[in-house]
Each structure stands twice: as C-alpha cells, then as structure tokens.
**Q** 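One structure follows; several queries about it will come next.
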Amino acid sequence: MKKNILLASLILSLTGLFAQNKPPTSIIFMIGDGMGLSQISAGMYYNGNKTSLENFPFVGLSKTHSSNSLVTDSAASGTAMACGIKTLNGVIGIGTKNEYAKSILEISKEKGYQTGLISTSSIVHATPASFYANVISRREYEKIAFQLSTSVVDYFIGGGKKHFTQRKDSRNLIKEMVDYDIVSSVSKFDSSDSKKIGHFTNNDEPKRILDGRLSLDIAVNSILNKLDRDQKPFFLMIEGSQIDWGGHANELNYVVSEFKDFDAAIQTVLDYTIKNPNTLVVVTADHETGGLSLLKGDLKTMSPEGVFSTLGHTGTMVPVFSKGPSASDFSGIYDNTAIFTKMLAVLNQ
Ligand code: MG
Ligand code: ZN
C-alpha cells in the first residue's frame, strides 16, 4: 500500500516535471483582411472547390464590432486581436481611456520569443501596425514607421519604404535602423545571417497579385527559414491585406485572386507545422468587406457570381480557424479581443 502511494507520487512529480519542461509553443497568426465567409466560399469554388482551410480541425466565430461602431475598421479590429482591447475606429494600440496597450507580439518578445510580420500592404498599414504601434490615427504613417524602426519586430516583409525615407522630418529611418539588415530582395533576405532583417517589397503600397506581385507564400517561406535557425519559439503575423481592397473595389476577381494567394500561404504554414507540430496556427479576418453575396453561378465550373452591397465593411461575424496545441480553445463564439486572450494563455503556459 505504502509502496503504491510512493510510486503514485513519483509518477505525479515526474509528470509535473515533464509538464514544466514542455517547450513553448510557437504561434502563427494569419489575418485575411476583409475575408468573410463569402470571400472564402468564392475563393474556394474558384480554386477547384478546395481550400487549405479545410485542414483546420477547429472553427470559431469572432464578433468584430469596435468600441464606437457596429462596423469596425482594420485599426480597431487589429488592435482588438493584437492587444485585447476594443477601441475607436481609426485608433491603433491605444484604448478608449487613452491607455497604451501592449501587443501579443511585444509580450511574446518579453517571453524570449522571436517575432515576425508579413503583409501584402505596406508594413505601416493598420493591420500590421496594430502589433507594434500606438497612435491615435492610423494615417500617422510616419509616426508608425518610426515606431517600427524602434520596435521588437525581428523580421518583416511588406511595402511602404517611403514612410521611412521620404519624411517631413527629413530623417532616413533605414539608416537609423542599425541593428537591422534592410535588404532589397527576397534572395538577399534569404542569404542574410542577421538576427533582424527587413525587406521593403515596394516604395508605396504593393501591387495586386493579378498585376504580378510576388506571391505571399515565398515571403512566408523566407521568414519561416530565418525563425527556424534558432531553437527559440516565435510569434509570426501574416496578413493577406488585399482581399479587403478587392471588396472595397467590388471586384470579385480581385477578391478571389487575393484569397488564393493567401490560401497558398496558409498551405505553406501547414506544411511547416508537419515538421514542427509544436506550432499553433490561427487564421481569421478582421471584418468582412463589401457585403458580398453569392446569389448564383455555374455549378459545373464551380464559378459563383458575386453581388456586393457596400463599398465599405460590414458587421458580420468572421470565422476563426485553428490547428495545433490549444487549437480547441478557439472554437465557439466570442469577441475579437478574446483571440488575444487565447493566444496570451498559450504564451503563459
Ligand atoms: Mg489590413
Ligand atoms: Zn477595408
């Protein structure tokens, strides 16, 4: 009897030891800007009735409203997911009582994580900025650029170089970013052995994928290779920015092509997690754009026609897809701020 108790307590303490030694989980957080269910459905049908999102075992729904509007913008919803607070439309990283919020990326750095950001817009645009900036207006691009230049982001790929080099204060932030290797191409990104690397894909906003932009999965692959050099865990945010712009333009072609680009990047991430299973992948949207409806289409060729009901955003809930450790936490219906809380819980394990 005594022996059994001893044995049981030995097993308990051993499992406790193992639990403590569990390596920290890396997080890859992917945002399809403006990617509601209709955008996913249209993209899936035009992609031969399949999407990489079908590989995710858990699906949830996120309420996207901001603190002052039923219909959010990308600044308020980016802040909700990055920092866990509802704020006013247009505001990044600052709450309704003027409090500065820390982002999940910044918290992950404090815990010894490596960090990365990829965007198919400029890197100072509202969605990526929500992970490192605190500004009253999303249009303060030069201020946001300065905040990136002094941030804890280790690797970034995105557009918007001009906000660093052609400034009202005549500073050249790229020259000031001495701890970064700012490279002029993806192949130079790949060959750099710096611990902090940035690549501006464009001086201003990147082109549409239809006009020949570099595909997102190439950038994803490059940053994952860098993050993989160290044994350290990482937090990586990847944005498919222009699904939203297709919605604003009310062009189904634009929406579908940008979704396909994002979908291929999701597949690249999923392929990575096969070799690195201790990685949580969460894919969601900040809001829906265009009020897109698929009212008819050709079943044989799987080509729906799209009808848009607005040039702006809508207040519909957006889906959240998750895979990997703690992925089941992301099923159910919750506020977009809970995405931050759920990721924070993973960092705190
Ligand atoms: Mg965006
Ligand atoms: Zn938008």
Side-chain angles (χ1 to χ4, degrees), residues 29-40 62 64-66 69-83 87-93 103-105 116-133 135 137-141 144-145 147-148 153 156-160 163 201-202 204-209 213 216 219-220 236-252 254-255 257-259 261-262 265-266 282-292 306 308-318 320 336 339:
F29 184 41
M30 303 185 71
I31 302 174
D33 200 316
M35 187 184 72
L37 265 184
S38 295
Q39 284 78 2
I40 293 170
S62 161
T64 63
H65 71 88
S66 69
S69 175
L70 202 67
V71 178
T72 191
D73 83 320
S74 292
S77 54
T79 299
M81 295 187 286
C83 308
T87 192
L88 306 166
N89 280 7
V91 177
I92 293 172
S103 78
I104 191 78
L105 181 146
L117 289 179
I118 310 174
S119 166
T120 56
S121 65
S122 74
I123 202 72
V124 294
H125 221 260
T127 311
S130 299
F131 291 83
Y132 62 82
V135 287
S137 167
R138 58 183 288 174
R139 298 189 202 290
E140 294 177 272
Y141 290 124
I144 296 170
Q147 293 182 5
L148 177 63
V153 176
F156 68 86
I157 298 178
H163 304 292
T201 54
N202 293 79
D204 202 340
E205 293 299 338
K207 297 189 274 199
R208 301 174 178 210
I209 193 75
R213 189 183 69 230
L216 179 58
V220 169
L236 172 63
M237 194 290 293
I238 302 164
E239 184 198 19
S241 319
Q242 297 197 29
I243 301 167
D244 175 65
W245 301 358
H248 285 295
N250 281 190
E251 287 178 38
L252 191 64
Y254 193 179
V255 169
S257 55
E258 293 295 337
F259 174 81
D261 182 51
F262 189 55
I266 297 168
V282 179
V283 185
T284 188
D286 49 356
H287 52 73
E288 194 273 346
T289 306
L292 177 59
F308 293 88
S309 57
T310 174
L311 292 167
H313 301 166
T314 69
T316 317
M317 290 192 288
V318 292
V320 184
N336 51 4
I339 294 173

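Numbering of ligands and ligand atoms starts at 1, following listing order.
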**Q** For the Zn ion (ligand 2), what is the number of protein N, O or S atoms at a distance under 2.8 Å?
**A** 4
**Q** Just by distance, with hydrogens left out, do S122 and E205 show a side-chain donor and acceptor under 3.5 Å apart?
**A**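 Looking only at side-chain atoms, E205 and S122 do form a donor-acceptor pair, the distance falling under 3.5 Å.
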**Q** Would you say the side chain of T289 lies within less than 4.5 Å of the side chain of I243, judging by non-hydrogen atoms?
**A** no
**Q** Any side-chain donor paired with an acceptor under 3.5 Å for E288 and T316?
**A**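 No, T316 and E288 have no side-chain donor paired with an acceptor closer than 3.5 Å.
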**Q** Are F262 and V283 side-chain neighbours, meaning at least one heavy-atom pair lies under 4.5 Å?
**A**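 They are in side-chain contact.
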**Q** Any side-chain donor-acceptor pair under 3.5 Å between S77 and N336?
**A** no
**Q** Between D244 (side chain) and G247 (backbone), is there a donor-acceptor pair under 3.5 Å?
**A**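 Between the backbone of G247 and the side chain of D244 there is no qualifying donor-acceptor contact (under 3.5 Å).
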**Q** State whether the side chain of S69 and the backbone N or O of V71 hold a donor-acceptor pair below 3.5 Å, judged by distance alone.
**A** yes
**Q** From the Mg ion (ligand 1), how many protein N/O/S atoms are found at a distance short of 2.8 Å?
**A**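 With waters ignored, the protein N/O/S count below 2.8 Å is 3.
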**Q** Is it true that H163 and D204 share a donor-acceptor pair across their side chains at a distance under 3.5 Å?
**A** no
**Q** Please check this pair: side chain of Q242 against backbone of T120, looking for a donor-acceptor N/O pair closer than 3.5 Å.
**A**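 Side chain of Q242 to backbone of T120, a donor-acceptor pair under 3.5 Å: yes, one is there.
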